[in-house]
Amino acid sequence: MKCYVLFLFNLIFFPMIFDFGQSMDLPDFIHVCKRSDPNIVPCVTESVEYLKPYLQKGVPEYNIPSLEPLLLKNLIATEKAGLRINAKDVEAYGASDFTITDLKTDFDNLEFAMDVKLPHLHIKGNYDINGRVLLLPIQGSGPMTGNFTQCVGSVKIRAGTKQLPNGEHQVFINDFVMKITVGKGTINFENLFGGEKVLGDVINNAINSNFDAFLSEMQPFIEKALSDAFREIANGIVSNFTYEQLFPLN
């Protein structure tokens, strides 16, 4: 629900550095950047721009799902101060319209950082909620929709490597930290309180009138849920290639 920037980082950057299994031939739509290139950041940025149309459509043979829509089976599952929220079967639209604003690479220490902005995202899915939000009781399950604008996200990763029997290398992640902000947004939970429209409207209006506070309560759990979910997605994608294929030293 919070911009899905982690997904973009995984699709854009991880295929260029990680290997989790048997490698495939490098496809034409992935442009190789050499680790020794003094202009590595603009090289990666240009490669991403070339890759974006393929991310929008998806490439099933390389385990790259489409960004339009971006599908999330289980986005949120959290407990906090008596509040339980689950969001599943979530579809996000607008994730392909992203811009990289900053990229840092440190191959010596396998540390990477990326900032991305998204002008607009629309989501729809199903929710189940029970507890209190903004000191108000809330309960229900059913469809949900949301609109988010001026989204900004950052991801920081620290990784390690191990050598495979064939002499190539596999990377594992030691630390994975994601932070996300939304400039403006609205969300609507249908069928609150078993379809009691008056109560449902009160809660939805209260949430949207205090949208920043609502997201602030949920943010740590949303960020963790997204980090866990998209790490799994990234592993499926990067299993096709090796570190040496995508980032040759020279």
Side-chain angles (χ1 to χ4, degrees), residues 1-15 48-49 51-60 62-78 85-101 114-129 133 140-155 176-191 204 207-208 211-212 214-238:
M1 184 169 67
K2 294 270 292 178
C3 299
Y4 314 108
V5 174
L6 176 58
F7 177 78
L8 297 177
F9 188 91
N10 288 334
L11 277 182
I12 295 165
F13 198 55
F14 277 33
V48 169
E49 287 300 315
L51 185 61
K52 282 169 68 172
Y54 297 90
L55 299 178
Q56 184 179 31
K57 296 181 298 183
V59 187
Y62 289 96
N63 296 325
I64 299 177
S66 171
L67 283 180
E68 298 297 342
L70 166 60
L71 304 177
L72 296 175
K73 293 181 179 180
N74 192 4
L75 179 60
I76 307 169
T78 184
I85 299 180
N86 285 283
K88 61 182 181 179
D89 301 325
V90 175
E91 297 180 356
Y93 298 85
S96 63
D97 187 20
F98 64 88
T99 302
I100 299 174
T101 57
M114 181 179 183
D115 293 338
V116 175
K117 68 178 181 180
L118 287 154
H120 177 253
L121 282 168
H122 170 72
I123 69 164
K124 63 179 182 179
N126 296 295
Y127 79 93
D128 181 87
I129 188 169
V133 171
S141 61
M144 57 174 274
T145 57
N147 285 285
F148 311 97
T149 60
Q150 302 170 18
C151 302
V152 178
S154 65
V155 176
F176 196 118
V177 179
M178 178 187 63
K179 298 296 180 183
I180 303 174
T181 60
V182 176
K184 297 180 180 179
T186 60
I187 193 164
N188 183 68
F189 297 105
E190 297 183 29
N191 200 47
N204 278 309
I207 289 174
N208 289 308
F211 189 74
D212 290 345
F214 172 71
L215 286 185
S216 178
E217 288 188 16
M218 298 298 103
Q219 186 164 338
F221 300 94
I222 292 171
E223 290 174 343
K224 183 181 186 303
L226 286 172
S227 297
D228 293 343
F230 290 122
R231 181 174 182 175
E232 181 179 349
I233 292 173
N235 287 345
I237 296 169
V238 302

The side chain to side chain contact (heavy atoms under 4.5 Å, CB included) partner of M144 among I123, N188, N126 is I123
So is K52 actually on top of Y54's ring, under 6.0 Å and inside 45° of the axis?
no
Closest non-hydrogen contact found for V182 with T149 is CG1-O, 3.7 Å
Interatomic distance, CZ@F214 vs CG@N208, rounded to 0.5 Å, equals 8.5 Å
- Please answer whether the main-chain N or O of S66 pairs with a side-chain N or O of Q56 as donor and acceptor at a distance below 3.5 Å. no
task = Evaluate the side-chain proximity of L118 to F148: yes if any heavy-atom separation is below 4.5 Å, no if none is.
result = no
Across all chains, not counting sequence neighbours, the side chain to side chain donor-acceptor pair (under 3.5 Å) partners of N147 are H120, H122
Applying side chain to side chain contact (heavy atoms under 4.5 Å, CB included) to S141 and not counting sequence neighbours gives D128
Exercise. Can you find a heavy atom in the side chain of N204 that is under 4.5 Å from one in the side chain of E190?
Worked result: no
- Query: If we only count heavy atoms from C-beta on, is the Y127 to I85 side-chain gap below 4.5 Å?
  - Reply: no
Between the OG1 atom in T101 and the CE atom in M114, the distance rounded to the nearest 0.5 Å is 8.0 Å
Applying side chain to side chain donor-acceptor pair (under 3.5 Å) to E49 and not counting sequence neighbours gives none
Those residues at least two apart in sequence (or on a different chain) that pass side chain to side chain contact (heavy atoms under 4.5 Å, CB included) with D97 are P119
Here the gap from I207 atom CD1 to L215 atom CG, rounded to the nearest 0.5 Å, amounts to 10.0 Å
* To do: State whether the side chain of E68 and the backbone N or O of A95 hold a donor-acceptor pair below 3.5 Å, judged by distance alone.
  => yes
